Amino acid sequence: MTKKLRRGYTTGTCAQAATKAAVTMLLGNVSVDQVTVSLPGKEVLTLKISEAQKEFNKYNKSNPEIESVSCAVRKDSGDDPDITNGILVYSKVSRIKSGIVLDGGIGVGRVTKPGLDQPVGNAAINRVPRQMILREVEEACEKYGYDGGIKIEISIPQGVELAKKTFNPRLGIEGGISVLGTSGIVEPMSEQALLDTIELEMKVRRAGGKNYLIMAPGNYGLDFLREAYGIQDKDVVKCSNYIGQSMDMAADCKFQGLLLAGHIGKLIKVSGGVMNTHSRWADCRMDLLATAMLRAGFSADRARAVLDCVTTDDALALLSEEEREATIGQIMRSIEKYMEYRMADQMPVGAILYSNVYGILGKTSKVDTLMHLWEEENQ
């Protein structure tokens, strides 16, 4: 029986709850050890306050007034493999003369490139968490009859180090992590989180004026592009196994051309129309390689020899130079056919196939043109 995965809550929910506790303590002059918050998806959560600290107005010693309150909530990501699990998210709420001001403190990144959820210069506290935080402050002001101003500062001390393990520096978010969440709940589905990250990276590049995109499934592809073409990691979007969905997102972003570079063990699956290359969806590498050999006119015995191989590099080692060249030609034509079918004339696409042993194996027909356009744009 499959265990049901436990859900968690987002950094945005933590910031919301910490803010509610802090503003309640500030304006209501009460102690708070837990708060109940309403989430955008209409769910209600009760969260424990891990830390609380008051600061008093030192200039009125006879009747000191609470000037600010800082509260923290510990992030619980449930069963999602999230590096932010267990971190403390702080909200410091202070009295000011007028207005409601929300900003980020230590460990909350700051936006330095256009195309993200927030404008350049803003703290990387996304739109929905901002609404959640501000709503708590507005409701508390109304409840306690307070008509002055409030400043909210969200901080995540561990965020400075955690940011180095995320895509944030590449996206243009400097100095920390983002305060995220649209529903307030962390669903234990890392696949959607990864797709969201891929799409966000594309949007940042497009907003930065880039018309041409290079993708690679993973680190091996990044290494190949760096060694073969001098293309740096920061200039490539890692699409993992989500070839088709990443192509769709690139088209939605209105890129004018896309290059995909990958190892034959991964991209040969695209020659069979397989657009999610994870082995749990399809592991037809040898079947497709053997089929390509047959299409190229080689014997069934030679194709059967390939079917018994474990890796594509092992299979290539069995082939003569003539067999390898003709077979790869068939594979590249099939990859091009399926990529163009997926794009439906939305933009030109190309693919580069390589092997760790043999280097570049093949290129589809538009690769050289697309590479030239990409290089011109990135000079």
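These numbers come from a predicted model, not from an experiment.
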Is there a side-chain contact between Ile335 and Met339 (heavy atoms, below 4.5 Å)? yes

Applying salt bridge (Lys or Arg N to Asp or Glu O under 4.0 Å), name anything that partners Lys92, two or more places apart in sequence or on another chain. Glu55

For Ile328, the option from Leu361, Ile268, Leu319 that meets side-chain contact (heavy atoms from CB on, under 4.5 Å): Leu361

Salt bridge (Lys or Arg N to Asp or Glu O under 4.0 Å) partners of Asp117, counting only residues at least two apart: none

Please, which pairs that meet salt bridge (Lys or Arg N to Asp or Glu O under 4.0 Å) have at least one residue in residues 208-235, sequence neighbours excluded? Asp223-Arg226, Arg226-Asp233

Which residue pairs satisfy the salt bridge (Lys or Arg N to Asp or Glu O under 4.0 Å) criterion with at least one member in residues 318-332, sequence neighbours excluded? Arg302-Glu323

Listing request: all side-chain hydrogen bond (donor to acceptor under 3.5 Å, both in side chains) pairs with a residue in residues 102-115, at least two apart in sequence or in separate chains. Asp103-Arg110

Pairing donors with acceptors under 3.5 angstrom, does anything connect the side chains of Thr19 and Ser91? yes

Under the salt bridge (Lys or Arg N to Asp or Glu O under 4.0 Å) rule, what pairs show up with a residue in residues 241-260, not counting sequence neighbours? Asp248-Arg342

Are side-chain N/O atoms of Lys269 and Thr277 paired as donor and acceptor at under 3.5 Å? no

Ile185 side, atom CD1; Tyr9 side, atom OH - distance, nearest 0.5 Å: 9.5 Å

According to salt bridge (Lys or Arg N to Asp or Glu O under 4.0 Å), does anything in residues 311-320 pair up with another residue at least two apart or in another chain? List the pairs. none

Going by side-chain heavy atoms closer than 4.5 Å, which hydrophobic residues are tied to Ile352, directly or by a chain of links? Tyr212, Ile214, Tyr220, Leu222, Phe224, Leu225, Tyr229, Ile231, Val236, Leu259, Tyr354, Ile360, Val367, Leu370, Met371, Leu373, Trp374

According to side-chain hydrogen bond (donor to acceptor under 3.5 Å, both in side chains), does anything in residues 125-137 pair up with another residue at least two apart or in another chain? List the pairs. Gln16-Glu136, Gln118-Arg130

Side chains of Lys164 and Thr166, donor plus acceptor under 3.5 Å: no

Worked check of side-chain contact (heavy atoms from CB on, under 4.5 Å) between Lys48 and Val73: CA-CA 7 Å; Lys48 181 182 177 181; Val73 169; over 6 Å; no

All salt bridge (Lys or Arg N to Asp or Glu O under 4.0 Å) counterparts of Lys165, not counting sequence neighbours: none

Do side-chain atoms of Asp79 reach the backbone of Arg7 as a donor and acceptor pair under 3.5 angstrom? no

Going by the side-chain hydrogen bond (donor to acceptor under 3.5 Å, both in side chains) test, which pairs reach into residues 140-157, not counting sequence neighbours? none

Which side-chain N or O atoms in residues 22-37 pair as donor and acceptor under 3.5 Å with protein atoms at least two apart or in another chain?
| unit_1 | atom_1 | unit_2 | atom_2 | d |
| --- | --- | --- | --- | --- |
| Thr24 | OG1 | Lys20 | O | 2.6 |
| Thr36 | OG1 | Thr46 | OG1 | 2.8 |

